[in-house]
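A quick write-up on the structure given underneath.
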Amino acid sequence: MASSAQSSGSSGGPAVPTVQRGIVKMVLSGCAIIVRGQPRGGPPPERQINLSNIRAGNLARRAAATQPDGKDTPDEPWAFPAREFLRKKLIGKEVCFTIENKTPQGREYGMIYLGKDTNGENIAESLVAEGLATRREGMRANNPEQNRLSECEEQAKASKKGMWSEGNGSHTIRDLKYTIENPRHFVDSHHQKPVNAIIEHVRGGSVVRALLLPGHHLVTVMLSGIKCPTFRRETDGSETPEPFAAEAKFFTESRLLQRDVQIILESCHNQNLLGTILHPNGNITELLLKEGFARCVDWSIAVYTRGAEKLRAAERFAKERRLRIWRDYVPPTANLDQKDKQFVAKVMQVLNADAIVVKLNSGDYKTIHLSSIRPPRLEGDNIQDKNKKLRPLYDIPYMFEAREFLRKKLIGKKVNVTVDYIRPASPATETVPAFSERTCATVTIGGINIAEALVSKGLATVIRYRQDDDQRSSHYDELLAAEARAIKNGKGLHSKKEVPIHRVADISGDTQKAKQFLPFLQRAGRSEAVVEYVFSGSRLKLYLPKETCLITFLLAGIECPRGARNLPGLVQEGEPFSEEATLFTKELVLQREVEVEVESMDKAGNFIGWLHMDGANLSVLLVEQALSKVHFTAERSAYYKPLLSAEEAAKQRKEKVWAHYEERPVEEVMPVLEEKERSASYKPVFVTEITDDLHFYVQDVETGTQLEKLMENMRNDISSHPPVEGSYAPRRGEFCIAKFVDGEWYRARVEKVESPAKVHVFYIDYGNREILPSTRLGTLPPAFSTRVLPAQATEYAFAFIQVPQDEDARTDAVDSVVRDIQNTQCLLNVEHLSASCPHVTLQFADSKGDVGLGLVKEGLVMVEVRKEKQFQKVITEYLNAQESAKSARLNLWRYGDFRADDADEFGYSR
């Protein structure tokens with residue numbers, strides 16, 4: 001504090017008191033104040049000055065908590081008006097003072113003047129003149145100062161001011177209320193309207209003690225939404241300040257202590273109230289943040305009535321300038337370039353309910369996780385059965401709804417991405433799986449924060465963080481507010497209704513289910529579907545919402561480059577342009593709503609047909625892009641012409657799969673077409689199995705002795721080294737040995753594993769299937785693998801006939817074939833190829849009679865008319881046989897020509 005010495009008139013006179021200066025920090029009572037100096041590098045020094053020669057009433061005092069029997073002491077009359085007189089006159093003002101007396105206990109008494117020198121207003125005289133203080137009893141007026149006090153007192157008495165007025169002054173005694181019975185009701189009763197108050201004490205930068213007017217409630221108010229460094233109380237009772245705690249306290253004291261303010265009461269925490277303090281010079285909450293004296297706190301920022309974003313912006317201001325508590329602050333995205341922090345990208349895929357895959361302008365793909373939200377997960381009663389394979393999208397409540405919300409909003413659209421933080425990779429623990437590095441961002445479309453929209457619908461929850469964890473969404477408060485609304489309205493995850501159940505049947509690879517389902521899809525024409533996964537350019541997994549099932553779908557009419565495959569014991573490389581075709585299909589249809597036309601299915605239970613998106617045929621688009629060739633099976637479809645046109649254009653451009661295409665002269669091609677004849681080259685085969693859809697498996701007679709020798713050697717080896725029962729763990733697609741009902745071991749392939757007791761196997765040398773327990777399976781010895789001798793059972797279908805779709809009629813045809821040719825030797829000729837298997841004609845070995853023609857003659861099947869010239873002779877023979885069966889009303893034709901009515905309900909079509 002500044003001081004100056006005033007020289008006396010003569011060297012022999014009494015010492016002149018030193019004049020000192022300071023700023024009034026606080027008025028303790030009508031006769032005591034605290035004066036502070038100027039701050040230099042920290043909170044300034046301060047001292048208490050008691051006014052000499054006068055006495056004012058004592059203010060109320062609350063009984064100490066350590067004295068249970070103690071009583072609260074009320075105000076003395078005129079004590080509070082005296083304090084208020086000084087508070088309004090002095091707080092924050094510069095004064096000068098002289099010390100006249102100092103007691104052994106250290107109490108200092110002196111004179112205080114308003115202003116920089118003793119010519120200013122004498123505070124003691126002003127108090128006495130207003131009747132708010134009296135001269136001390138027994139004091140003699142033996143100097144000019146005491147004479148003036150005496151005169152002031154006499155004038156106050158004459159004017160009946162203050163304590164000299166009529167009455168006992170009881171109206172000046174406050175009815176102080178130190179506690180509030182129901183803080184929540186008290187806060188709500190003010191309806192967030194400003195309440196006049198005086199700040200009586202500053203406990204820390206963000207906690208004050210306030211006197212609410214006019215009710216005289218003495219309450220502790222914590223500033224909503226922020227927290228300053230505090231003073232930590234040690235076990236010995238001392239206090240240790242956290243860094244910048246003292247500075248934050250002084251910052252608030254110097255601006256608010258004993259000032260008239262208005263407080264908006266916003267909430268309560270125990271007996272403490274949460275609020276915002278408004279001063280004519282500004283909002284202390286935002287100032288503390290902006291100066292780096294405080295940080296935002298999540299638990300109370302939601303109640304801040306002036307908008308949480310203002311607080312976050314003020315905090316951000318301090319962080320960017322590394323002020324005070326943020327001096328060592330490093331932004332979560334400090335290592336990113338600006339172009340990597342904010343960018344526009346196209347959404348290609350939605351991963352579950354909290355992440356998306358986007359395509360950048362550079363063409364690269366990037367996975368973005370939505371900041372600060374958690375997708376639905378299994379909890380409590382919904383914990384998954386360990387014996388059941390979990391399908392998160394359908395088995396976790398609200399996961400499907402969340403994914404669908406994001407899919408419909410985002411797929412194929414451009415979004416704005418603002419990266420909030422990078423979550424580093426974390427290793428796996430006993431309870432938590434390993435996570436790779438994650439880019440977490442706020443994603444908006446049309447000004448809508450997608451994460452906020454998701455949370456507001458109750459389809460995700462907000463992650464809670466440690467207070468010092470800065471890795472969070474830049475719109476974290478909006479997320480918390482959205483979650484509060486969702487909870488209040490009982491939306492989604494917060495609903496008390498029964499959770500939605502999605503019973504989605506996955507019939508991919510299930511031949512039996514696929515067979516049952518095929519007629520429905522064929523009759524349906526175009527069906528709506530959502531592309532869930534893209535395996536390759538022409539192989540997709542579809543979700544059919546109307547039928548609530550998943551199917552594997554193969555594009556008809558095209559031959560797409562085959563992708564890389566992992567086969568037992570080796571990795572098969574993909575064909576050229578297979579990856580490009582897969583990427584093209586992904587970008588075009590993944591997670592989009594499409595329409596499909598199912599035409600047929602293959603032996604593995606995959607459906608074959610046409611896929612349309614926005615009116616475009618995907619098969620045609622792939623051919624247009626030179627990523628596929630037209631397959632001969634397209635000839636009978638309605639899309640053959642556009643496929644041929646697209647292929648011709650691609651050939652002319654010589655791109656991708658047609659890069660090495662050389663156009664042949666027309667004259668060379670025409671004669672070949674004219675002279676092409678049906679090739680009849682029958683070879684002997686042994687029929688081993690007939691399937692329910694009238695396909696059959698055969699062994700080549702020429703290699704029959706090799707198979708017999710291999711089987712004999714294999715069984716001898718197994719008998720010498722029998723497999724340990726139960727030691728083999730079957731896996732789908734793996735070759736193994738299986739014990740048939742005859743007690744012998746055969747080579748087989750695992751097609752499906754339902755459980756250890758139910759393993760579906762296919763006998764690769766005979767074509768039959770069986771469901772066995774794993775105890776009847778074993779590892780296939782390498783000496784007898786398919787590399788030594790390939791699988792001997794080959795699948796074929798009858799050419800020139802249509803298999804009845806009606807189950808009973810089809811069973812009749814199959815039974816007839818089983819009686820005639822199963823386990824017999826026949827002659828086989830390949831007529832044409834198809835997507836599933838080659839189509840052949842089969843002759844009896846002895847009579848050379850055509851087996852397929854025999855089925856037509858018996859009226860068990862119908863003729864499939866083909867347009868190729870080389871087949872016209874045999875087709876005519878088949879049609880004549882069909883007419884004979886029709887005339888004789890045999891089997892299918894027993895009720896006449898049912899095709900005349902186009903009776904699809906009977907399971908037949910032309």
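Note that this is a predicted model, so its numbers are computed, not measured.
Proximity of Leu550 to Leu542: side-chain heavy atoms (C-beta onward) are nowhere separated by under 4.5 Å. Contact annotation: the side chain of Ile373 approaches that of Val455 to within less than 4.5 Å [non-hydrogen atoms, C-beta and beyond]. Side-chain contact between Glu754 and His760 is present, with heavy atoms from C-beta onward closer than 4.5 Å. Side chains of Asn606 and Phe553 form no contact here, defined as non-hydrogen atoms less than 4.5 Å apart. Put simply, the side chain of Leu454 reaches to within 4.5 Å of the side chain of Leu406, judged on heavy atoms. At least one side-chain heavy atom of Ile445 sits less than 4.5 Å from a side-chain heavy atom of Lys413. With a 4.5 Å cut-off on side-chain heavy atoms, Glu532 and Leu393 count as touching. Using a 4.5 Å heavy-atom cutoff, the side chains of Pro375 and Asn352 are not in contact.
Between the Asp395 side chain and the Arg391 main chain, a donor and an acceptor come within less than 3.5 Å of each other. The closest donor-acceptor contact from the side chain of Thr548 to the backbone of Pro545 lies at 3.5 Å or more, if one exists at all. Side-chain atoms of His502 never come within 3.5 Å of backbone atoms of Val504 as a donor-acceptor pair (strictly under, hydrogens ignored). A donor-acceptor distance shorter than 3.5 angstrom exists from the side chain of Ser645 to the backbone of Lys641, with no hydrogens or angles considered. At least one donor-acceptor pair closer than 3.5 Å links the side chain of Asn489 to the backbone N or O of Arg485. No donor-acceptor distance shorter than 3.5 angstrom exists from the side chain of Arg636 to the backbone of Thr633, with no hydrogens or angles considered. No donor-acceptor pair closer than 3.5 Å links the side chain of Glu266 to the backbone N or O of Leu274. Side chain of Thr582 to backbone of Ser578: a donor-acceptor contact under 3.5 angstrom is found. Within the 3.5 Å criterion, the main-chain N or O of Ser473 finds a donor-acceptor partner in the side chain of Ser372. Counting only distance, with no hydrogens or angles, the side chain of Glu315 and the backbone of Cys296 share a donor-acceptor pair below 3.5 Å.
The neighbour count for Lys651 NZ, taken as heavy atoms of other residues, nucleotides or ligands under 6.0 Å away, is above 12. Counted within 6.0 Å of CZ on Arg732, heavy atoms from surrounding residues, nucleotides or ligands total 12 or fewer; the atom is thus considered open. A 6.0 Å sphere centred on CD of Glu595 holds more than 12 heavy atoms belonging to other residues, nucleotides or ligands. Around NZ of Lys414, the count of heavy atoms belonging to other residues, nucleotides or ligands within 6.0 Å does not exceed 12. Residue Glu498 qualifies as open at atom CD: its count of foreign heavy atoms under 6.0 Å is 12 or below. Other residues, nucleotides and ligands contribute over 12 non-hydrogen atoms within 6.0 Å of the CZ atom of Arg464. With a 6.0 Å radius and a threshold of 12 heavy atoms from other residues, nucleotides or ligands, Glu528 has its CD atom at or below the threshold. Remark: Arg306 CZ is loosely packed, at most 12 non-hydrogen atoms of other residues, nucleotides or ligands lying under 6.0 Å away.
Taking NZ of Lys346 as the reference point, atom CG of Asn361 lies at 11.5 Å (rounded to 0.5 Å). To the nearest 0.5 Å, atoms CD (Glu437) and OG1 (Thr367) are separated by 11.5 Å. Note that CZ of Arg539 and OG1 of Thr552 are 5.5 Å apart. Values are rounded to the nearest 0.5 Å. Remark: Phe607 CZ to Leu518 CG distance equals 6.0 Å, nearest 0.5 Å. In this structure, CE on Met613 lies 10.0 Å from CG on Leu621, to the nearest 0.5 angstrom. The line from OG of Ser362 to NZ of Lys339 is 8.5 Å long, rounded to the nearest 0.5 Å.
In this structure, Tyr543 has its ring center under 6.0 Å from that of Phe400. Between Tyr421 and His369, the distance separating the two ring centers is not shorter than 6.0 angstrom.
Screening residues 583-594 for side chain to side chain donor-acceptor pair (under 3.5 Å), with sequence neighbours left out, gives Lys359-Glu587, Tyr365-Glu587, Arg407-Glu593.
In the model, Thr444 has no side-chain atom that pairs as donor or acceptor with a side-chain atom of Asn449 under 3.5 Å. Residues Tyr476 and Asp420 bring no donor and acceptor atom of their side chains to less than 3.5 Å of each other. Side-chain N/O atoms of Gln652 and Glu648 include a donor and acceptor closer than 3.5 Å. His494 and Glu483 share no side-chain donor-acceptor pair at under 3.5 Å. Tyr304 and Glu286 form a side-chain donor-acceptor contact under 3.5 Å, judged by distance and modelled atom types alone. In the model, His475 has no side-chain atom that pairs as donor or acceptor with a side-chain atom of Glu452 under 3.5 Å.
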Could you walk me through whether Gln349 and Tyr533 satisfy the side-chain hydrogen bond (donor to acceptor under 3.5 Å, both in side chains) test, starting with their C-alpha distance in whole Å, then the side-chain angles of each, then the deciding distance to 0.1 Å, before giving a yes or no? CA-CA 10 Å; Gln349 186 179 1; Tyr533 192 79; over 6 Å; no

**Q.** Residue pair Val620, Val623: steps toward the side-chain contact (heavy atoms from CB on, under 4.5 Å) verdict
**A.** CA-CA 5 Å; Val620 176; Val623 174; 5.8 Å; no

Report task. In sequence, state the C-alpha distance, the side-chain angles, and the governing distance for Lys515 and Asp510, and then conclude on salt bridge (charged side-chain N to carboxylate O under 4.0 Å, His left out). Result -> CA-CA 9 Å; Lys515 283 180 183 177; Asp510 192 326; over 6 Å; no

- Query: Between Asp354 and Arg374, is a salt bridge (charged side-chain N to carboxylate O under 4.0 Å, His left out) present by the stated rule, with each step listed?
  - Reply: CA-CA 7 Å; Asp354 67 334; Arg374 181 177 285 120; over 6 Å; no

- Task: Carefully, step by step, assess Ser628 and Glu559 under the rule side-chain contact (heavy atoms from CB on, under 4.5 Å).
- Result: CA-CA 6 Å; Ser628 287; Glu559 186 180 348; over 6 Å; no

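Summarising the geometry of Leu618 relative to Leu588, their closest heavy-atom pair is CD1-CD2, 3.7 Å, with the distance given to 0.1 Å. Of all non-hydrogen atoms in Ser495 and Tyr398, the two that sit nearest each other are CB-OH, 4.2 Å. Shown here for Ala556 and Trp610, the closest heavy-atom pair between the two residues is O-CZ3, 3.2 Å. Considering all non-hydrogen atoms of both residues, Leu459 and Ala402 come closest at O-CB, 3.7 Å. Here the closest heavy-atom approach between residue Trp326 and residue Gly292 is recorded as CD1-CA, 4.1 Å. Across all non-hydrogen atoms, the minimal contact from Val534 to Leu540 is CG2-CD2, 4.0 Å.
The salt bridge (charged side-chain N to carboxylate O under 4.0 Å, His left out) test with Asp470 is passed by exactly one of Arg295, Lys319, Arg312, Arg316: Lys319.
For Arg523 and Phe520, the positive end sits near the middle of the six-membered ring, less than 6.0 Å away and at most 45° from its axis. For Lys656 and Phe577, the positive end is not near the middle of the six-membered ring at less than 6.0 Å and at most 45° from its axis.
Salt bridge Lys227/Asp298: absent, no basic N to carboxylate O contact under 4.0 Å.
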